[in-house]
There are 2 protein chains.
Amino acid sequence: MSGPETRTARAEATRAAIVDAALRMFREQGYEATTMRAIAREAGVATGNAYYYFSSKEDLIQEFYTRNHAAHLAASRPVLDTETGLAARLRGVLRALVDINEPYHEFAAKLYSRAAEPSSPLSPFSPESSPTRDAAIALYAEVIEGAHLRVPAAVRQRLPELLWLYSMGIVLFWVYDQSPGTERTYRLIDSTVPLAVRLIRLSRLRALGSVTRQVIAIVDDVRG
Amino acid sequence: MSGPETRTARAEATRAAIVDAALRMFREQGYEATTMRAIAREAGVATGNAYYYFSSKEDLIQEFYTRNHAAHLAASRPVLDTETGLAARLRGVLRALVDINEPYHEFAAKLYSRAAEPSSPLSPFSPESSPTRDAAIALYAEVIEGAHLRVPAAVRQRLPELLWLYSMGIVLFWVYDQSPGTERTYRLIDSTVPLAVRLIRLSRLRALGSVTRQVIAIVDDVRG
DNA sequence: AGGCAGACTTGAACGTGTTCAATAAATGCC
DNA sequence: GGCATTTATTGAACACGTTCAAGTCTGCCT
């Protein structure tokens, strides 16, 4: 009657219980107010047991990252499958990003501020975040691919990463946005997306060729 | 022989001792490694006494902000008093900012990440930071005033704040910069300043008038 | 079956930031 | 000078994140 459950599967269940409890409590009462003791109690395990699966309280956030990106991907699918204009695709993906983060607005504030610390494994530039980051950049590559876009190859090549950075900027703004329903963030997306698209298209202009080259040189230098 | 020292002056001395100990230890051994107990011991007071002057460990950082801006102002003075070109003035002020922060590079990482939290009083957008922020923006206003610059009034009016934002971006990059002597940050300044100046000048072009107007509209909307 | 190795679990203990009731020192008032 | 009030200081106590030596369980080998 012990069931077909392997030991690993049992452990996996414990792990999942901890994550579920943690993310729910983070959402409902905030990051600081949620204690590791409470998470463990809620998950039905001993306090110290959580540290067998997660090296720290912050480490639980990586799990949020992962689930978050999956949700973003799913929410972006409709737009990516139907829209063909760059502006529409970009706008849709960015709005989806804000949409799925909505329930975590307050929590995300703490989250992204912790993540801002360079030495933190939560930093979007850290090696630990590399899978999530690459996945996100790939999403913006798909945004571009699905659109008919004529730009210099040098621009096109760096565009996914630049759009990802742009999305990080939007998120940063969203974190600070206290307007009802974070409407200002939506407005920021709606107003900056056409501008961004326009700037991208301008990169073809002869007259701005040197500016474009300069921008590209800086981007390349910055990436080390 | 008790001296002319007033009570307030005595308290002020205690306060200063705490700040001195804190900033020195932050610089020497990092933020986390420096305990409130150690700060108090070093300052020659009881642990709890530090909380009479500072509501939290983070609150000690505001003091860093204040001293930091004063140092930046002083370091910028030579450039502001001699240079007349916008690029040279801007470049000098930004390099000065990096210069004076150098000893605190590691500490600043933690600092600015804490500051990134919107609800934190350390946030550069918080009411508590308003004096420091306004002072910083005023500095960039002086950068502009001292230069001969012909741009639309609408642009000029928003320029100090935009340059301040630009400087925050530089600082953000610097925080992440692990290159020796943070040379990449200096390079970023040197390469983006001419670009920024160029873009500012471009705002006069008829052909880009609508882009300029769009940017201004967004900026105004965002400031809400 | 018996027991072994490793995966998993426990809860007490440590050091931390922070609070607070109690105390001392300094000041104002007569 | 002596009392009352405000300012300043103390250190023990609290809850937290985290660690760890000790325990329990599970699948496997003989």
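- In terms of phosphate contacts, Tyr52(A) brings no side-chain nitrogen or oxygen within less than 4.0 Å of OP1 or OP2 of dC20(D).
- In summary, the aromatic rings of Tyr104(A) and Phe64(A) are positioned with their centroids under 6.0 Å apart.
- Considering only side-chain N and O atoms, Thr14(A) lies under 4.0 angstrom from the phosphate OP1 or OP2 of dT9(C).
- The interatomic distance linking Phe54(A) (CZ) with dC8(C) (P) rounds to 13 Å, in whole Å.
- In terms of position along DNA chain C, the nucleotide closest to Ala46(A) lies nearer the 5' end than the nucleotide closest to the other residue of the pair Ala46(A) and Arg37(A).
- Phosphate proximity of dT18(D) to Tyr51(A): present, with a side-chain N or O under 4.0 Å from OP1 or OP2.
- Within a 6.0 Å sphere centred on CD of Glu106(A), other residues, nucleotides and ligands contribute 12 heavy atoms or fewer.
- Between Ile39(B) atom CD1 and dT16(C) atom C1' there is a gap of 12 Å when expressed in whole angstrom units.
- Between Asp59(A) atom CG and dG17(D) atom C1' there is a gap of 14 Å when expressed in whole angstrom units.
- Tyr53(A) has its OH atom 20 Å from the P atom of dG17(D), to the nearest Å.
- The distance from atom CG of Asn49(A) to atom C1' of dT10(C) is 8 Å, rounded to the nearest whole Å.
- Counting only heavy atoms from C-beta outward, the side chains of Glu42(A) and Arg24(A) approach each other to under 4.5 Å.
- Straight-line distance from the CD atom of Glu32(B) to the C1' atom of dT16(C): 11 Å, rounded to whole Å.
- For the side-chain hydrogen bond (donor to acceptor under 3.5 Å, both in side chains) with Thr185(B), the qualifying choice from Asn101(B), Asp190(B), Asp177(B) is Asp177(B), the only one to do so.
- Between Ala33(A) and Gly48(A), the residue anchored nearer the 5' end of DNA chain D, judged by the nucleotide with its closest heavy atom, is Ala33(A).
- dC16(D) atom P lies 20 Å from atom CE of Met36(B), rounded to whole Å.
- Atoms CD (Glu12(A)) and P (dA7(C)) sit 15 Å apart, rounded to a whole Å.
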